[in-house]
Amino acid sequence: MKKVLTLTILCCLFLMNSFAIPLLPTTLTCEYMVNPLGIDTKTPRFSWTLSSAERNQLQSAYEIIVSDQMQELQQGKGNQWTTGKIISAQSIQLEYAGKPLQSFTKYYWRVRVVNQKNEASGWSEINSFETATLNANDWTAKWISDDSKNPAKDEDYYKEDRMPLLRKEFAAGKKIASARLYISGLGYYEAFLNGKKIGDHVLEPGFTTYKKQVLYSVYDVTAMLKKGNNVAGIMLGSGWWNPLPLRIFGRFDLRKIQQTGRPCVLAEIHITYTDGTKHTINTDESWQTAPGPVIHNNVYLGEKYDARLEQKNWNTIGAGKAGWKNASITTGPSGIITAQIAPPIRITKIIRPVKINEQGKDTFIVDMGQNFAGVARIKVKGPKGTKITMRLGEDVWPDGRLNFMTAVATQLKSPGAGGPGSPDIAWQEDGYILKGSGTETWQPQFTFHGFRYVEITGWPGKPTLADIEGLRMNSDVAQQGNFSCSNEMFNQLHKVIQWTFLSNIFSVQSDCPAREKMGYGADMVVSSNAFIYNYGMANFYTKAVTDFANEQQPDGGITEIAPFTGIADRGYGGDSGPMGWELGYSFLQKQLYDFYGDKQVIENNYPAFMKQMEFLQSKAKDDLFYWDIGDHEALDTKPDAFSASCFYYHHAKLAEEFAGILHKQDDSVKFAKLARNIKEAIISKYNVRNTGRFDNATQSAQTMALWYGLSPEKDSALAVLMSEYARHNMHLSTGIFSTKMMFDVLRENDRNEVAYTIANQKTFPGWGFMLANGATTLWETWAPTGTVYSQNHPMFGSVDEWFYRSLVGINPAAPGFQKIIIHPQPASDLTWAKGSYQCMYGTILSDWEKSSNGFALHAVIPVNTTALVYVPCKENAVVMEGAGKVTVARYEQGCAVVQVGSGEYFFRVGE
């Protein structure tokens with residue numbers, strides 16, 4: 001009995017001591033990643049979240065230690081960097097400032113913190129980061145290829161073109177401690193060790209402007225190597241590096257716009273033995289190469305694979321040597337080789353078909369039940385030489401035949417439109433030729449498609465539902481937001497938006513995954529906030545910013561698309577894009593700052609942004625611009641000139657803000673003056689005095705005027721906007737920009753009932769109309785899509801941002817959400833809504849419910865942040881939290897405003 005009592009007392013003391021710890025550092029990240037394997041920055045940034053059982057916890061100091069020896073770190077010492085106790089609340093974006101980091105080295109780090117009462121935490125768990133190549137001369141490998149050449153004539157590119165295999169046998173003579181593969185294979189590659197695929201990435205590396213930048217990845221291959229003989233194997237595909245001379249939209253040949261070449265690879269395997277010695281295997285002319293079974297591949301048109309040409313066990317020890325030759329050294333791309341830190345593309349979901357219909361002789365239509373991006377995988381058994389063809393599309397005709405027209409590459413739908421040798425209709429098509437050996441499983445490796453339906457011809461017998469499956473692919477961004485509510489249409493729409501968003505992130509954020517696959521600036525402007533509320537987009541959008549910087553024109557203009565594909569509609573000379581599309585470059589920097597507290601991206605890009613501002617100022621006419629693509633897909637007449645000037649004003653305001661963030665006072669004053677001049681010029685030209693009307697007073701024009709704060713008669717301008725909604729029977733007529741802006745304007749002006757009514761419409765035009773007509777991803781246009789418009793376009797997904805910002809009310813009040821606003825705006829028949837967002841400081845939760853008894857709000861505020869919580873109620877109503885009343889700071893907009901620190905709260909009003 002005495003032992004039991006003693007044990008009980010000890011347990012209680014332990015629990016009391018555990019709960020007494022006010023703060024605990026958790027979820028340590030380096031460059032937004034947990035234990036990253038290969039980074040190439042010399043000054044990585046550290047962040048951490050904090051957990052506590054107590055409310056109102058703030059960090060007042062921190063200490064970081066970094067070492068290349070874990071044992072030393074376990075003793076609380078850091079031989080690379082020891083900050084000592086730093087009096088600071090900063091727990092995100094802490095820049096390394098220790099001894100110079102060395103390439104190919106693993107470092108360990110941990111942190112401890114102090115709260116506002118000077119109570120210290122223990123050390124965090126030990127985390128790590130591993131450097132890759134920190135200097136250009138770290139690479140000792142060479143670019144190699146099979147020495148094949150591209151055709152002299154455009155039409156010959158469409159003939160059979162077998163992709164190369166490469167292999168290298170090598171010996172590991174000692175016991176292996178660790179091994180890493182550093183690799184970039186252009187256009188795409190798949191790598192193998194001893195017959196097994198390395199990692200789970202697909203379509204590597206990400207698409208970049210190869211003359212400026214080439215990405216490489218790092219893999220831990222320790223467990224795949226063995227003492228003794230090993231063999232490395234690499235398959236190469238064309239990707240974006242070796243495109244067809246397919247004239248995009250009948251005009252733009254990517255081969256004349258981007259740096260291109262034959263498939264090639266640069267790779268190094270670094271082996272560290274247990275005795276400390278090292279061994280490196282490089283790509284060089286000692287590698288062997290032979291043609292492989294991929295006989296044609298293109299990112300738009302698809303892939304063809306002849307299994308009869310497979311080389312059995314080619315990437316294992318003892319494979320046959322017949323037909324192999326030495327690889328050749330090649331020039332390779334000229335861009336700087338940098339580590340790929342954006343999330344890799346992976347297969348993220350397997351989709352089972354819902355039905356198969358026989359459509360005439362030897363033709364089967366497979367319905368996957370869902371529009372998505374990726375490829376189809378088949379399992380088939382049949383005679384050698386059997387040719388199976390799969391055409392893919394987003395829709396079917398009323399008679400059940402495949403409608404591939406919405407997914408045709410860049411609208412190439414007539415003979416010769418794509419250039420010599422191109423198909424008359426550039427549809428998506430994959431082909432497989434059987435080797436005739438048992439059950440064969442195949443999926444394309446070097447292409448991706450946007451599709452719901454697969455038309456199969458040539459199948460031996462009849463395919464079953466078990467014979468085909470869809471492989472959804474996307475950049476594997478982490479889910480960081482969740483939303484649901486009592487409106488089932490909104491829940492369905494939220495799900496459809498997730499499918500749309502994930503279909504359009506394949507290292508670039510595309511407008512559609514089938515027809516174009518391109519990174520349009522405007523599409524990112526209007527949807528990036530919605531993306532960020534749902535997913536961890538920091539490294540993805542950092543790459544997008546770099547893509548635009550890489551494409552900056554000599555005169556400073558920013559392209560419409562990055563990486564650039566030739567399209568420069570209504571730009572301002574050279575290859576610069578229109579104003580709303582150029583905005584993508586600086587707008588994304590602003591989002592990275594607002595959502596992640598990333599000041600570095602602004603600082604790194606400031607010189608290029610200043611060059612862009614000089615360019616824009618040189619093209620302005622009396623502080624105005626007069627043409628733009630404008631509010632794309634608006635149903636009313638677009639106010640193109642007005643919107644162009646608004647976007648110019650936006651650039652100037654961002655320049656003023658960025659200069660302030662970087663403490664460049666002279667620049668800040670200069671751009672503040674420019675912004676005032678632009679605003680005055682816009683008002684002078686487009687404001688119809690004493691009416692509240694701007695330009696043509698459409699929903700687009702009124703919304704932009706209010707969103708940019710241009711109207712000197714705000715109430716009148718808002719009234720005009722309300723009358724426009726009424727004229728359209730409370731439906732929207734907005735395009736991509738003003739749809740996003742509309743929700744902000746209505747939220748900020750306490751008109752959420754109007755926003756709810758518009759978003760909830762079931763008839764044309766609106767999201768409900770899309771859903772009612774079978775959309776499983778968002779359409780490119782409000783109108784039915786027919787044969788032209790894509791059925792998988794993220795630009796109208798900005799409504800999802802409204803779900804988070806307004807319905808559950810989660811908003812940042814300081815960079816990175818160090819200060820938070822929780823301001824739910826219940827509307828109409830909505831009885832509950834629940835949402836969460838994983839910010840840099842931790843998880844924010846807003847979960848509310850209203851009933852006849854009153855209103856209840858469950859909120860969670862992360863440690864080291866504070867929040868203003870808006871609790872909907874009548875003026876001077878009593879607000880309870882837990883068992884007591886709360887102190888209300890003020891009442892406004894039908895809410896009690898309560899200031900809180902970190903912690904979990906249960907507010908209620910009423911019985």
Side-chain angles (χ1 to χ4, degrees), residues 26-27 29 32-34 47-52 91-93 343 476-485 490-491 493-495 497-498 501-502 505 527-541 588 590-598 740 743-744 747-748 752 794 797-826 830 832-849 857-871 900-907:
T26 59
T27 317
T29 60
Y32 302 106
M33 297 175 284
V34 176
S47 302
W48 55 88
T49 62
L50 297 163
S51 66
S52 176
S91 59
I92 67 171
Q93 309 291 7
D476 195 12
V477 291
Q479 189 83 40
Q480 292 192 335
N482 289 283
F483 168 81
S484 59
C485 69
F490 286 175
N491 293 336
L493 177 58
H494 178 65
K495 180 180 178 181
I497 290 170
Q498 306 304 298
F501 282 2
L502 293 178
I505 44 174
S527 64
S528 56
N529 282 179
F531 267 97
I532 292 171
Y533 270 113
N534 284 291
Y535 307 108
M537 299 296 292
N539 281 330
F540 186 96
Y541 279 144
L588 286 178
K590 166 72 168 166
Q591 307 323 302
L592 290 166
Y593 180 71
D594 284 351
F595 280 83
Y596 303 108
D598 188 346
K740 170 194 163 46
F743 287 113
D744 290 335
R747 170 173 52 85
E748 292 167 2
N752 203 47
S798 54
V799 64
D800 216 57
E801 178 186 350
W802 174 69
F803 293 161
Y804 286 95
R805 286 194 186 273
S806 185
L807 295 191
V808 295
I810 298 174
N811 287 276
F817 284 82
Q818 188 172 28
K819 295 181 181 178
I820 300 162
I821 292 174
I822 303 291
H823 188 178
Q825 294 181 319
L830 205 64
W832 64 268
K834 180 178 182 179
S836 65
Y837 174 64
Q838 180 76 31
C839 76
M840 293 291 289
Y841 293 90
T843 299
I844 305 166
L845 173 70
S846 175
D847 177 4
W848 63 263
E849 183 176 5
L857 171 63
H858 176 201
V860 174
I861 309 303
V863 174
N864 207 28
T865 70
T866 59
L868 285 178
V869 179
Y870 288 70
V871 183
V900 300
S902 65
E904 185 173 18
Y905 297 88
F906 296 87
F907 300 100

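- You'll find the side chain of W848 stays beyond 4.5 Å of the side chain of L807, heavy atoms only.
- A 4.5 Å side-chain heavy-atom check between M537 and V477 finds at least one atom pair inside the cut-off.
- A donor-acceptor pair is defined here as one N or O able to donate and one able to accept, closer than 3.5 Å; such a pair exists between the side chain of Q479 and the backbone of G481.
- Ring geometry for F501 against Y535 counts as perpendicular: the plane angle is over 60°, on a 0 to 90° scale with 30° as the lower cut.
- Remark: side-chain polar atoms of T866 are not paired, donor with acceptor, to backbone N or O of G901 under 3.5 angstrom.
- With contacts defined as side-chain heavy-atom distances shorter than 4.5 Å, the pair L868/I822 does not qualify.
- Checked by atom type and distance alone, the side chain of S902 never pairs as donor or acceptor with a backbone atom of I861 at under 3.5 Å.
- Listed here is the closest heavy atom pair of F595 and N529: CE1-ND2, 3.5 Å.
- Under the 4.5 Å side-chain criterion, counting only non-hydrogen atoms from C-beta, Q818 is not in contact with M840.
- Across S528 and Y541, no two heavy atoms sit closer than the pair CA-OH, 3.3 Å.
- Residues forming a salt bridge (Lys or Arg N to Asp or Glu O under 4.0 Å) with D744 (at least two apart in sequence, or on another chain): K740, R747.
- Side-chain N or O atoms of T865 include one that pairs as donor or acceptor with a backbone N or O of P862 at under 3.5 Å.
- Considering only heavy atoms from C-beta on, I532 stays 4.5 Å or farther from Q480 through its side chain.
- Between Y841 and F817, the ring center distance fails the sub-6.0 Å criterion.
- Remark: side-chain polar atoms of Y596 are not paired, donor with acceptor, to backbone N or O of Y32 under 3.5 angstrom.
- With 3.5 Å as the limit, one finds a donor-acceptor pair spanning the side chains of H858 and E904.
- Residues F907 and V869 have side chains in contact (heavy-atom distance under 4.5 Å, counting atoms from C-beta outward).
- The closest side-chain donor-acceptor pair between D800 and H494 falls under 3.5 angstrom.
- The backbone N or O of T49 sits nowhere less than 3.5 Å from a side-chain atom of T27 that would complete a donor-acceptor pair.
- Applying the salt bridge (Lys or Arg N to Asp or Glu O under 4.0 Å) rule to K590 yields the partners D594, E657; only residues at least two apart in sequence or on another chain are considered.
- Between F483 and Y804, the angle of the ring planes lies from 30° to 60°, which puts this pair in the tilted group.
- N752 places a side-chain N or O within 3.5 Å of a backbone atom of Q825 that can act as its donor or acceptor partner.
- Between D598 and Y593, the closest side-chain pair of non-hydrogen atoms is not below 4.5 Å.
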